[in-house]
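Report on the structure given below.
Keep in mind that the numbers below use all heavy atoms, side chains included, and drop hydrogens, waters and symmetry copies.
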Amino acid sequence: MPKYYDYAASTPVSLEVLDSMAAWQNKSYANPSAVHLEGESAKDAIRKSREIVADKIGAMPSEIIFTSGASESNNLAIKGVAFKHLENKGHIITSSIEHKCVLNTCAFLETLGFQVTYLEPTNEGLIEPGAVRDVIRSNTILITIHHVNNELGTIQPIDQYGSIAFEHDILFHTDAAQSFCKLDIDVDDMDIDMLSLSGHKIYGPKGVGALYVRDARDSGLVPLIHGGGQELGLRGGTSPTPLIVGLGVAVSSFPSQSDIDHSDFQTTISDYKHSRNGGEKTVTTIWNVTFSDDQELNRFKDDNDWLVSQGSACNAMSNVPSHVLSAIGLSGDEARRTYRISLPPYKQQ
Ligand SMILES: *Cc1c(COP(=O)(O)O)cnc(C)c1O
């Protein structure tokens, strides 16, 4: 059996989560917007999940908008702010090593006339706060920089971007798909105005996530999906009770990091000559390694039947080196010898 070491791409649904979802699929299936008893109980279950998610990041339940995942949350945050400024357009600051859903959203907004600055990382994968400050313009409307890089595992200093944004009265959004539940986040302490998260990176179901929006009701964010007023009118569509309940249970049952023991992996990987990318401040679960030559790479591949990613899962279909590895200065040949090995965020059940 190959060993699954691709947890940054997706995780299994934990048994606890699976159990919590079942009844909402075919026993209590009423529309949570319905005003009868069954509808009320679905609404109540969703309310509990909203509290759990909010609590995890120091937010208010009324600031959590459930979406289909982090891609949609990122789209809603970035387009939602941009569309408020359709008339005069404006300037957005991001980095060149964001997830493709952020980069492609920004590229789309450029076609509408918005200006975007893509900050380059250091060779360690860090987006320097000073660089953010340097490119602020009088018409900057949004800074959007991820928390943990999904290919490198680098932890970005989001609290520093947050305070820079706050000082300049600019909105700050962060894609926290790789850090939510794994690192401490407090949206007030860190001056975060919007934050994206995803269920299937934390042992929850695929197809659900959330966007935290500071003072959501008064944010003026423009929805992408107009509908029946669900999620404060910011995201139309019948709320998927089973998925939202599953997300809540995934958050509340996510164990503490002290459960982690990656010594087996570390012993194995140390047998092969490699360098680890991503700098000093990385999460323990994402290892981006460049094998020193083809011989080491092939020896590693022959010895270990591991399911890992070259770049991220999203780049796997194309043969071009990942945009992240190019950005930190790896050559095409080095990128070819590079794997992202991502370990379970905690012991498997
Ligand atoms: C997985 C991931 C996404 C996409 O999340 P989905 O819920 O699959 O849409 C976005 N950003 C980062 C950093 C991710 O790791």
Report yes or no: do [X] and [Y] form a side-chain donor-acceptor pair below 3.5 Å?
| X | Y | answer |
| --- | --- | --- |
| T290 | R276 | no |
| T154 | T282 | no |
| R336 | Q310 | no |
| T122 | E128 | no |
| S68 | E72 | yes |
| S10 | K201 | no |
| T174 | H147 | no |
| S263 | D261 | yes |

Least distance between heavy atoms, [X] atom then [Y] atom:
| X | Y | answer |
| --- | --- | --- |
| M21 | P242 | CG-O, 3.1 Å |
| V132 | I93 | O-CD1, 4.0 Å |
| V249 | E16 | CG1-O, 3.9 Å |
| I127 | Q156 | N-OE1, 3.0 Å |
| R214 | I192 | NH2-O, 3.0 Å |
| I64 | A54 | CG1-CB, 3.7 Å |

Can any side-chain N or O of [X] pair as donor or acceptor with the backbone N or O of [Y] at less than 3.5 Å?
| X | Y | value |
| --- | --- | --- |
| H226 | L234 | no |
| S196 | D175 | no |
| H168 | I170 | no |
| S49 | I46 | no |
| T105 | C101 | yes |
| K89 | L86 | yes |
| S95 | I97 | yes |
| H36 | G39 | yes |
| T140 | I136 | no |
| S73 | G69 | yes |

Is there side-chain contact between [X] and [Y], with heavy atoms separated by less than 4.5 Å?
| X | Y | answer |
| --- | --- | --- |
| Y7 | I202 | no |
| K100 | N104 | yes |
| T285 | H262 | yes |
| V53 | F66 | yes |
| L243 | L247 | no |
| S41 | W24 | yes |

(request) Could you point out which residue of V283, I286, N150 forms a side chain to side chain contact (heavy atoms under 4.5 Å, CB included) with S342? (result)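 Considering V283, I286, N150, a side chain to side chain contact (heavy atoms under 4.5 Å, CB included) with S342 is found only for I286.
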
Can a salt bridge be assigned to the pair [X] and [Y] using a cut-off of 4.0 Å between side-chain N and carboxylate O?
| X | Y | value |
| --- | --- | --- |
| E334 | R337 | no |
| E231 | R50 | yes |
| K281 | E124 | no |
| D6 | R340 | yes |
| D302 | R299 | no |

From [atom1] ([X]) to [atom2] ([Y]), nearest 0.5 Å:
| X | Y | atom1 | atom2 | result |
| --- | --- | --- | --- | --- |
| L109 | I92 | CG | CD1 | 5.0 Å |
| I143 | D191 | CD1 | CG | 11.0 Å |
| C181 | F254 | SG | CZ | 5.5 Å |
| H323 | E98 | NE2 | CD | 8.0 Å |
| S219 | L171 | OG | CG | 9.0 Å |
| K182 | I155 | NZ | CD1 | 12.0 Å |

(request) Evaluate side chain to side chain donor-acceptor pair (under 3.5 Å) for H91 paired with T117, printing each intermediate quantity in order. (result) CA-CA 8 Å; H91 172 238; T117 299; 2.6 Å; yes

Hydrophobic cluster identity match, [X] and [Y], side-chain contacts under 4.5 Å:
| X | Y | answer |
| --- | --- | --- |
| Y161 | L195 | yes |
| V116 | V81 | yes |
| I185 | V102 | no |
| L232 | V213 | yes |
| F180 | Y203 | yes |

(request) For the pair N298 and K301, evaluate side-chain contact (heavy atoms from CB on, under 4.5 Å) and give the outcome as yes or no after the intermediate values. (result) CA-CA 5 Å; N298 291 330; K301 285 206 287 197; 3.8 Å; yes

(request) Give a yes or no on this: more than 12 heavy atoms of other residues, nucleotides or ligands lie within 6.0 Å of atom CG of D186. (result)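 Yes, the 6.0 Å shell around CG holds more than 12 heavy atoms from other groups.
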
(message) If you count heavy atoms of other groups shown closer than 6.0 angstrom to CD of E167, is the number above 12?
(response)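 Yes - once you tally the heavy atoms of other residues, nucleotides and ligands closer than 6.0 Å, there are more than 12.
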
(request) Could you list the residues that satisfy side-chain contact (heavy atoms from CB on, under 4.5 Å) with L224, not counting sequence neighbours? (result)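 In terms of side-chain contact (heavy atoms from CB on, under 4.5 Å), with neighbours along the sequence ignored, L224 is linked to N75, L76, K79, F83.
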
(message) My understanding is that only residues two or more places apart in sequence, or in another chain, count here; which of them pass side-chain contact (heavy atoms from CB on, under 4.5 Å) with D44?
(response)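 side-chain contact (heavy atoms from CB on, under 4.5 Å) list for D44, sorted by chain: R47, K48.
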
(message) For D305 and K3: C-alpha separation, side-chain torsions, deciding distance, then whether side-chain contact (heavy atoms from CB on, under 4.5 Å) applies.
(response) CA-CA 6 Å; D305 191 9; K3 205 169 198 147; over 6 Å; no

(message) Using side-chain contact (heavy atoms from CB on, under 4.5 Å), reason through T338 and L330 one step at a time and then give a plain yes or no.
(response) CA-CA 9 Å; T338 301; L330 263 59; 3.5 Å; yes

(message) Walk me through whether N149 and V324 qualify under side-chain contact (heavy atoms from CB on, under 4.5 Å).
(response) CA-CA 9 Å; N149 188 272; V324 176; 3.9 Å; yes

(request) For side chain to side chain donor-acceptor pair (under 3.5 Å), just list the numbers for Q230 and S239, CA-CA rounded to whole Å, side-chain angles, deciding distance to a tenth of an Å, and then say yes or no. (result) CA-CA 7 Å; Q230 296 93 344; S239 304; over 6 Å; no

(request) Just grab all the ring pair (Phe, Tyr, Trp, His ring centres under 6.0 Å) pairs involving residues 267-292, residues at least two apart or on different chains. (result)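 Every pair satisfying ring pair (Phe, Tyr, Trp, His ring centres under 6.0 Å) with a residue in residues 267-292: F265-W287, Y272-F300, F291-F300.
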
